[in-house]
2 protein chains.
Amino acid sequence: MEDSVDRHLARWRGKAPFEERVEAIVTRMQTLVKHLAHTKEAALAQVGMQDYEFETLHRLVARDGRATPSELAADLLLSPAGMTGRLDTLEKAGLVRRVRSVEDRRRVDVELTPKGRDLWTDAMTIRGEVEAHMVHVLDEEAQAQLDRLLRRLLTSVESGRVPWDTRPA
Amino acid sequence: MEDSVDRHLARWRGKAPFEERVEAIVTRMQTLVKHLAHTKEAALAQVGMQDYEFETLHRLVARDGRATPSELAADLLLSPAGMTGRLDTLEKAGLVRRVRSVEDRRRVDVELTPKGRDLWTDAMTIRGEVEAHMVHVLDEEAQAQLDRLLRRLLTSVESGRVPWDTRPA
DNA sequence: GACGAATGGTTCGCCAGCGAAATAGTCTGC
DNA sequence: GCAGACTATTTCGCTGGCGAACCATTCGTC
């Protein structure tokens, strides 16, 4: 069996000024993530939700249904402006509520509405199935191994300032 | 050392109707890919290119500098409309040329211009460095292992039609 | 205790990508 | 040959996300 990346790499053999293994890993991760996004998008349509809406609610629930826009933006690697946009739609849909904080009036607390929590619960099952379906191809041990490897990469990425990264921490 | 996903998962402990390992794997992959995108974007700015432009040229070079929009769209998991947009900008920048095919006049051949190839070459180095920098945290053997695992996932994703996927093949 | 720097959010203008419809061209069956 | 199904690409309108500029508020310091 071969996948699309095998074919991609085959086209490069010989004429490529890059490390094949790096290209393979990176391209496979990107492709998997993109596939996952498409599949989840289609699946979440069942409850009339979009992936980005779900992810936002999800992070919010993780923080006990209450967080500031900046916290969420950081969690989701999103720009502040993007976050405002997401919250606007979620608020309009009644899934989320914005409350101006009293002790620091610059801050805003975003809180999940009951409706938001219900919808999240529905979507949660669907999302779980989609993701599990992908990952369960690997047995327990392989999953653990994969996760360990990914974790090593992410730890390094998140700790080390990269020479090319011009953004502030 | 812990990464952001460890923290994310810690917030869930107990109250989560999902498999922790699946969540971990998926979230880590998504986060890594997003980080990579940001970093590459910043790095490629050195040659005044954007990631999506580079990826398009890259696939084009992989096909010996000549391919149809549909082929590229398929490679990049992009909608046909999206592809047209990309090609428009690349053509305007003189990195690519559109040639109406003669034997089938519905088709268009996209070909790399010399300028396009030059720019791709410059960018290639940069991109290579960024990606390698991330992956090289793992030793040879770990990289091979990671790639094998990812490959198993992708093969399965690409072969099996998934029950939720409503899109055509 | 007031002024300037810093902080949390939002607004604005822009751009890439999407889905659906339009356009143009090819193929099939009769 | 020609009507109708099919295929390749583009056009159109819309939406999510971004960076930069912009409030509003709080902090730091003299």
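Labels below follow one simple rule: chain letters A, B, ... track the order of the sequence lines, proteins then strands, and each chain is numbered from 1.
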Considering residues at least two apart in sequence or located in another chain, which fulfil the side chain to side chain contact (heavy atoms under 4.5 Å, CB included) criterion with B:Arg148?
B:Glu141, B:Ala144, B:Gln145

Rounded to whole angstroms, how far apart are CG on B:Leu76 and C1' on C:dC18?
15 Å

Sequence neighbours excluded - salt bridge (charged side-chain N to carboxylate O under 4.0 Å, His left out) pairs with any residue from residues 74-87 of chain A
A:Arg63-A:Asp75

Please identify each residue that fulfils salt bridge (Lys or Arg N to Asp or Glu O under 4.0 Å) with A:Glu55, with sequence neighbours left out.
A:Lys40, A:Arg127

For A:Arg151, what residues pass the salt bridge (Lys or Arg N to Asp or Glu O under 4.0 Å) criterion, not counting sequence neighbours?
B:Asp6

Rounding to an integer number of Å, can you tell me how far A:Met49 CE sits from D:dG16 C1'?
17 Å

For B:Arg66, which residues count as a salt bridge (Lys or Arg N to Asp or Glu O under 4.0 Å) partner, sequence neighbours excluded?
B:Asp109, B:Glu111

Tell me the interatomic distance from A:Asp51, atom CG, to C:dG17, atom P, rounded to whole angstroms.
17 Å

Using only atom types and a distance under 3.5 Å, with no angle test, would you say the side chain of B:Glu91 pairs donor to acceptor with the backbone of B:Arg98?
yes

Qualifying residues under salt bridge (Lys or Arg N to Asp or Glu O under 4.0 Å), relative to B:Arg100, sequence neighbours excluded
none

Can you tell me how far C1' of C:dA20 sits from CE of B:Met83, to the nearest Å?
20 Å

Please give, in whole Å, the distance from C:dT7 P to A:Glu71 CD?
16 Å

Report, one pair per line, the protein and nucleotides 11-16 of chain C atoms (nitrogen or oxygen only) whose separation is under 3.5 Å.
from: C:dA16; atom 1: OP1; to: B:Tyr52; atom 2: OH; distance (Å): 2.7

Hits for side chain to side chain contact (heavy atoms under 4.5 Å, CB included) against A:Val61, two or more places apart or cross-chain, chain-then-number order -> A:Leu112, A:Arg117, A:Trp120, B:Trp12

What's the CD-P distance between A:Glu41 and D:dG16, to the nearest Å?
10 Å

Stretch residues 100-108 of chain A: residues that reach within less than 4.0 Å of DNA chain D through a heavy atom:
A:Glu103, A:Asp104, A:Arg105, A:Arg106

